[in-house]
Every structure is written in C-alpha cells, then in structure tokens.
Amino acid sequence: MSELVYDPWSPDFVADPYPVFERLRAERPVFFDEATGQWVISRYEDVNALLRDRRLGRTYLHIASHEEFGQAPEADFLKPFWDLVRAGMLDLEPPDHTRLRRLVSKAFTTRMVEELRPTIQRLAGELAGALADKGGGDLLAEVAEPLPVNVIAEMLGVPVEERHLLRPWSADICGMYELNPPEEVQHTAVRAALEFSDYLRDLARTRRNEPRDDLISALAQVMDDGDRLTEDELIGTCVLLLNAGHEATVNATGNSWWALFRNPEELARLRADASLVPTAVEELLRYDTPAPMFERWVLEDITVGGVDIPRGAEVALQFASANRDPEVFAEPDRLDLSREPNPHITFGLGIHYCLGAPLARIELAESFAAVLRAAPDLRLSTEPKWKPGFVLRGLEALYVER
C-alpha cells in the first residue's frame, strides 16, 4: 500500500483530498502532523464532539498570553490585522463572544435576512441573464463573486459606487487564514485591514449621525443603547460578515457547479425538477466543502479517539473529511441531490455556528435557480484549476458556455 501523505500545500491534495481523508479516517483518525504542527482530526464523530467541547477555543488569549501558552509572540507589524480580526466574534471566546453575538443578533435578524430575498433574486437573475445572453463566460467572476459581495454590501449599507473596494480587501485579508502564509501575504493583509478599517470607521460614524435602513446603522444604534458594542467591534463584525459571507459563498458556488458538471445525471435531475434546489444546496455543501478545515486551540488536556492531546496544542478539524464519513453518510462519495437526512457540518457547530448560514443558503439557492432558468443548457467549456489554498478551497475560474 502506498504511503499515506497528508499535505495541504500539495496541488494534488487540494484538487482531491478525499482519497487521503478516506485512509485517514480508517488508519490515522487522530495524528500529529509535523509539517503543520497540528493534530489532524478526520472522523465525523470526533469533529462533531470537538466543535461543541468548551475545552477547545478559537483563541487562548482570554486565558493566557502567547508566552504563557507556549506560543511565539506575533510580529509587531501584524498588530493592525489582529486588532481587526479579534474585534469580531469569530476569534473570541465567552464571555466576550457571548456578549458580542447577542448584540449583533439584535441587528442581524432573521427578518432582515429574509427581507433581502427579493434583492438576492433580482441580482441573481440579472447576473445569470447577462451570462446567458453572452453565451457563457467565467461563472465565478460573472455570477458567483458579484452576487454575495453586492448582497453583503446592500445589507451593510455600502454605497453602490464604493462596492468595488470590498472584494479586494476581503481576498487580501483572507489570505492570512491559509497555513503559514508567506510574509508578502501577511503584509498585504495588514494593508487591507488598515484600509478596510478606516473606510468602515468613517461609514459607521456617518450612519451613527444619519441612520438608514441598513446593518451598519442598526449596529451603530446598538453602540448607543448602553449595551457596550464598541466601534472596533462594529468594524470587526462588518469585516467578518463580508469575509465569511463572501469568500466561502463564492467557493461554494464554484465547487458546486464543478461537482454538478462531473455528475451529469444529478445535474439533469436538478434541471428537470427545481424543487430539488433546497436539498441540492445542502448536498453540494456536504459533497465539496468550501471551508474544509477549521482550527482550534486546546485549552485543557483532552483525549480524542484514545489519543491524548495536551493543553497548548492546535487541532485541525477536517470538515470535508467528516462530511464524507461513511459512518454518517451512506455512499458518501456519491452526489445525491435529494439526500435526507443530511447532517453535514459545513457551517460548524456549537457556539461558533455560522451566524450567516441562513443568508448563505438563500444566496446559493437563488443563484442556482437563476442560472438553471437563464441557461438550462449550460456546459463546461474548460476544465477548471484549483487555487493553491486549502483552508479556503475554491477554483480559480469556471468557464462555461451554451
């Protein structure tokens, strides 16, 4: 049997990690990877449990300094980046996470998300129609990317003429989430963090004085109600909503269409029966997970699958592997657009469950429906290539034609 190689930097692994995951679940479901310095966890049962386990956290800074936790201090030049990221709830733990999520939930309501549906339908229809009218193009650049960034911008209240700024900032900041990013990527992320923070600070102060019907105005009012949402937290929240709600949704759209083109019988089912769209969205999110790995810090000694993992370690929870675990999903490597039940963990679990999951589901459903209506004969024109990153895994482009 060939050597089992887990290499998240390998183009071959990024293109198809699932054979490696299959062997990991069977042979080494919990192991320490020297190259990444992480404990790699690949079975659904373990990933599911650890996402809910409060002995792990997104950060350790609420209980210890870097030095006290056995970690090297961060470079001084990265401070603007970490100040921005740590002002958002994703990299916070209770009690700060609890307080911030509660406050943001006051503004980012189910009603607000549902009220965006007509806007999402209109934007998706316009983008899909334009792609169909010209006979094809890059589905990523022409549909998948502009839809979520415009939806998030609409929700936040970013003026139309300034929305072109958001996508580059988001991409540059998200470069820092890959494993061991090069120093050039780190400097780029810092620059984007500074520019994005300055922009949002000015916009938030304007909306605080002249509120409109948008999320930044609503969050600015939460700042004023004596419930302790700070300006930095408002800015960190807005950046998180854009980054998490945009990058992953773009990748989910591209990965899903590539999966459909590779499974023509399922694509034909979807074209013939639009009522499949809701379950298709869930299955496509499971089948090729757009954010395949999330990291956690071990705050207290734990034992996983009979393996002891010490305090101070970092674990790499393999969502994509868990979503293909045969102990939970029958025939996990088969795309089944009517699969039910489908307990995938693409949006996470526990206190860090994705706040934007309802919005992502609406965007994906309306995007698929719009493309299917506008171009039911759409086909792949060039086999796509994967971007080099694994933590945010997606295609460089997806060229299609009619």
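Ion pair Glu142/Lys134 flagged as a salt bridge, since at least one NZ, NE, NH1 or NH2 atom sits closer than 4.0 Å to an Asp/Glu carboxylate oxygen. Note on Arg43 versus Glu327: no salt bridge recorded, every NZ/NE/NH1/NH2 to OD/OE distance being 4.0 Å or above. Taking 4.0 Å as the cut-off between side-chain N and carboxylate O, Arg55 and Asp301 do not count as a salt-bridged pair. Checked for salt-bridge contact, Glu283 and Arg286 meet the test: a charged N lies under 4.0 Å from a carboxylate O. Under 4.0 Å is where a charged nitrogen must lie from a carboxylate oxygen, and between Glu74 and Arg86 at least one such pair does. Comment: Arg379 engages Glu401 in a salt bridge, judged by a side-chain N to carboxylate O separation of less than 4.0 angstrom. Salt bridge annotation for Arg269-Glu265: absent, with no cationic side-chain nitrogen under 4.0 angstrom from a carboxylate oxygen. Ionic pairing of Glu282 and Arg361 is present here: one or more N-O contacts between side-chain nitrogen and carboxylate oxygen are shorter than 4.0 angstrom.
For Tyr18 and Asp288, the side-chain atoms include at least one donor-acceptor pair closer than 3.5 Å.
Ring centroids of Phe21 and Phe13 are separated by less than 6.0 Å, placing the two rings close together.
In this structure the side chain of Phe261 reaches within 4.5 angstrom of the side chain of Leu267, judged on heavy atoms.
Between Tyr60 and Trp297, the ring planes are perpendicular. Angles over 60° get that label, and only those under 30° would be called parallel.
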